[in-house]
Amino acid sequence: MKRFEHTSATSVQDAVRLLSVQNARVLAGGTDLVMLMKEGLLATERVVDLKAIPGLDRIQQDRGEIQVGAMARLADVAASGLLIEKAPALAQAAAAVATPQLRNMGTLGGNVAQKVRCWYYRDADRADCYKRNGSYCYAIFGQSDLHAIFDGAACFAVSPSDTGVALTALDAKMVIAGPEGHRIVPADGFFVGPDTDYLRETVLAQNEVLTEVRIAESDLATKSVFLKAAQRKSIDFARASVGVAIAGGPVVQRARIVLGGVAPTPHHATLAEEYVTGKRLDADVIAKAAALAVEGAKPLRSNAYKIQLAQGLVRKALTRLAA
Amino acid sequence: MNEPEITPRAPLDAEAAGAPPDEPISRRRLVAGGIAAIGAAAVAAATFGRAASAVTSQLPLSKAVVVSDPSLCVGCLACEVNCSTWHASVGRSAEPRIRIMATSQVKLRAELAAFLPSRSGYTPATCKQCPTPWCVENCPTDAFLIDPVTGNRYIDEKACIACGKCEVDCPVEWTGTLAHKGEAISSKRVSFDATKNVFTKCDLCIGREGGPICVERCPVNVAIKAGYVRSDTMCLELRAATPEQFERTV
């Protein structure tokens with residue numbers, strides 16, 4: 001690993017100031033950043049540790065909102081009574097991430113802002129991968145088991161974040177601090193696909209810090225669920241996942257059905273969302289919605305299995321919410 | 001395969017159109033010098049339109065146009081993304097100048113379909129580098145230009161006043177469904193970038209060493225060149241923009 005400077009921010013403003021040098025990186029739990037640095041995938045001259053900033057790990061309720069600090073550990077998000085009651089999809093997504101050790105280290109902010117897990121990107125010999133500022137995607141003619149079935153554009157790596165899927169389903173808002181102050185971005189607009197910029201996964205600029213996520217207290221958030229399918233069930237990244245949130249009942253008034261692990265960003269199954277709105281979730285409606293959720297999928301050579309996987313997860317998630 | 005060169009080489013007959021050999025050809029120069037160059041018939045024309053048409057017919061053809069073979073396109077969008085990324089990197093509009101249309105009637109070649117069965121039905125399409133470029137002729141500023149060496153028709157975005165005359169005159173459209181997220185499109189291939197307030201079109205990546213980035217980075221082209229896919233055509237390739245090619249190009 002190349003030499004770098006370790007700094008510890010005492011406030012959000014301090015962190016933004018420390019990030020002003022080129023190639024400075026935010027250090028939250030470090031479970032992804034340190035790997036990227038060791039593998040030489042992320043040039044880093046300074047890391048800005050956020051752990052010493054007071055209050056950035058709080059999980060609280062305030063004026064009709066649930067506020068979760070970006071430095072909240074995934075283990076705490078998973079165990080939060082408030083989230084389990086008011087936004088269960090987020091707690092379930094946090095519980096589904098990796099292993100207990102990693103959930104004790106990893107943070108909510110780090111999980112949503114992590115880099116892709118594409119095996120070509122992570123392979124030191126694939127220097128011409130788009131994510132490494134190259135000019136080729138090996139997944140198109142190579143092994144594409146992990147890759148996108150929706151919205152691939154030059155690069156076919158998928159968003160690996162479980163909590164990002166849940167937050168998108170919950171219509172969360174992401175609070176971002178930067179040199180100009182704070183800005184709030186809906187979760188929908190937080191993730192960046194390769195059609196916009198294949199070098200980034202989120203809208204976060206190099207000198208910005210995700211400080212908090214906010215979820216409006218609502219029927220939608222309360223009636224939510226997250227499900228995930230992974231090859232090694234207890235520890236792996238999602239081969240496919242789904243976050244579903246439903247408002248109303250027994251007739252659905254509003255629905256969010258978001259797929260993970262199948263696209264470069266959390267993927268809204270818009271056709272399925274529109275289809276279930278105004279309907280009762282009986283078995284036929286659920287089956288049709290699950291089919292619509294994967295309509296338009298364009299798998300590569302070896303990831304067509306994700307269609308069935310995602311369809312099954314949507315069916316299970318809707319069935320659970322209908323019960 | 002013999003690809004036409006689009007990097008500068010032997011000068012074309014630019015002087016005949018009223019421009020010094022190393023200066024781009026524009027409407028203003030056509031009006032100033034072109035009419036004299038093409039003779040009395042054009043000078044005698046009563047209206048600007050007729051005169052300009054006569055001038056236009058004397059313009060050099062583009063030595064290159066990007067053409068596609070839809071039976072080789074797997075809809076990966078590398079051409080669109082690289083087009084946007086490169087143009088933005090040199091300060092031009094990030095609007096893609098090439099778009100992949102979803103065209104279900106097009107079938108992927110068997111050799112590729114055996115490998116990527118779900119990725120059939122795409123047609124990349126871009127500016128056809130018209131033999132008679134009305135866009136150049138009717139541009140009221142010197143924004144729409146012709147490279148005197150390559151014949152490439154391109155827009156100088158710094159000079160574009162976004163009047164839209166070129167869009168009106170453009171004879172080719174993208175109409176239907178885009179491969180990109182299945183979005184509907186109905187647009188001329190000279191298209192408007194609201195962010196930069198300019199019109200934009202395929203400029204064959206003018207100024208880029210190596211020529212058009214879409215041709216260079218198309219992964220099917222890469223696979224063909226590497227011998228992984230056998231084909232006597234490329235998914236995207238450069239051909240001379242002759243009137244006959246104009247009729248054949250999608």
Side-chain angles (χ1 to χ4, degrees), chain A residues 120 126 128-145 147-157 188 191-200 259 262-271 274 292 294-308, chain B residues 72-86 88-89 94-96 98-100 102 104 108 111-122 124 177-184 195 208 210 212-229 235-236:
Chain A
Y120 296 114
R126 311 284 179 175
D128 51 349
C129 153
Y130 278 111
K131 287 282 180 194
R132 297 166 76 171
N133 207 14
S135 58
Y136 190 71
C137 179
Y138 287 88
I140 295 170
F141 289 105
Q143 283 299 114
S144 50
D145 308 36
H147 295 87
I149 58 173
F150 291 105
D151 305 340
C155 163
F156 281 73
D188 248 351
F191 297 93
V192 170
D195 50 341
T196 302
D197 186 348
Y198 49 71
L199 294 175
R200 296 203 288 174
L259 300 174
V262 295
T265 62
H267 176 79
H268 265 290
T270 315
L271 289 176
E274 289 168 358
L292 286 171
V294 292
E295 194 160 295
K298 292 283 184 185
L300 296 168
R301 181 190 186 190
S302 50
N303 61 1
Y305 73 93
K306 287 190 177 189
I307 295 175
Q308 286 80 11
Chain B
L72 288 167
C73 179
V74 297
C76 70
L77 296 169
C79 50
E80 286 192 22
V81 170
N82 281 291
C83 177
S84 294
T85 305
W86 183 79
S89 75
E95 285 290 305
I98 184 168
R99 305 306 306 251
I100 300 185
S104 55
L108 196 59
E111 188 178 355
L112 280 168
F115 198 77
L116 293 163
S118 300
R119 303 203 64 93
S120 186
Y122 301 107
T177 306
L178 289 170
H180 185 227
K181 299 185 177 177
E183 291 164 0
T195 309
R208 181 178 183 271
I213 196 166
C214 56
V215 176
E216 181 184 295
R217 292 198 174 176
C218 169
V220 178
N221 281 10
V222 172
I224 293 169
K225 283 177 182 165
Y228 298 137
V229 175
C235 179
L236 293 173

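Residue numbers start from 1 in every chain, and the chains themselves are labelled A, B, ... in the order their sequence lines are given, proteins ahead of strands.
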Trainee: Can you find a pair of side-chain heavy atoms, one from Leu116(B) and one from Phe141(A), that are under 4.5 Å apart?
Mentor: yes
Trainee: Between Ile100(B) and chain A, with a heavy-atom cut-off of 4.5 Å, which part of the residue counts as in contact: side chain, backbone, both or neither?
Mentor: neither
Trainee: Kindly write out the residues that satisfy side chain to side chain donor-acceptor pair (under 3.5 Å) with Arg126(A), not counting sequence neighbours, or none if the list is empty.
Mentor: Asp123(A)
Trainee: Based on non-hydrogen pairs under 4.5 Å, which of Asp197(A), Asp195(A), Thr196(A) is most in contact with chain B?
Mentor: Asp195(A)
Trainee: Chain A: which of Arg119(B), Glu80(B), Lys181(B) shares the most heavy-atom pairs with it under 4.5 Å?
Mentor: Arg119(B)
Trainee: Enter the distance from Phe156(A):CZ to Tyr130(A):OH here, rounded to the nearest 0.5 Å.
Mentor: 10.0 Å
Trainee: Answer with side chain, backbone, both or neither: which region of Ser84(B) has an atom nearer than 4.5 Å to a non-hydrogen atom of chain A?
Mentor: neither
Trainee: For Tyr136(A), is it the side chain, the backbone, both, or neither that has a heavy atom closer than 4.5 Å to a heavy atom of chain B?
Mentor: side chain
Trainee: NE2/His180(B) to CG/Asp151(A) distance, rounded to the nearest 0.5 angstrom?
Mentor: 6.5 Å
Trainee: In terms of heavy-atom pairs under 4.5 Å, which option from Ala78(B), Cys79(B), Ser120(B), Ala179(B) contacts chain A the most?
Mentor: Ala78(B)
Trainee: Does Gln143(A) offer a backbone N or O that forms a donor-acceptor pair with the side chain of Tyr120(A) under 3.5 Å?
Mentor: yes
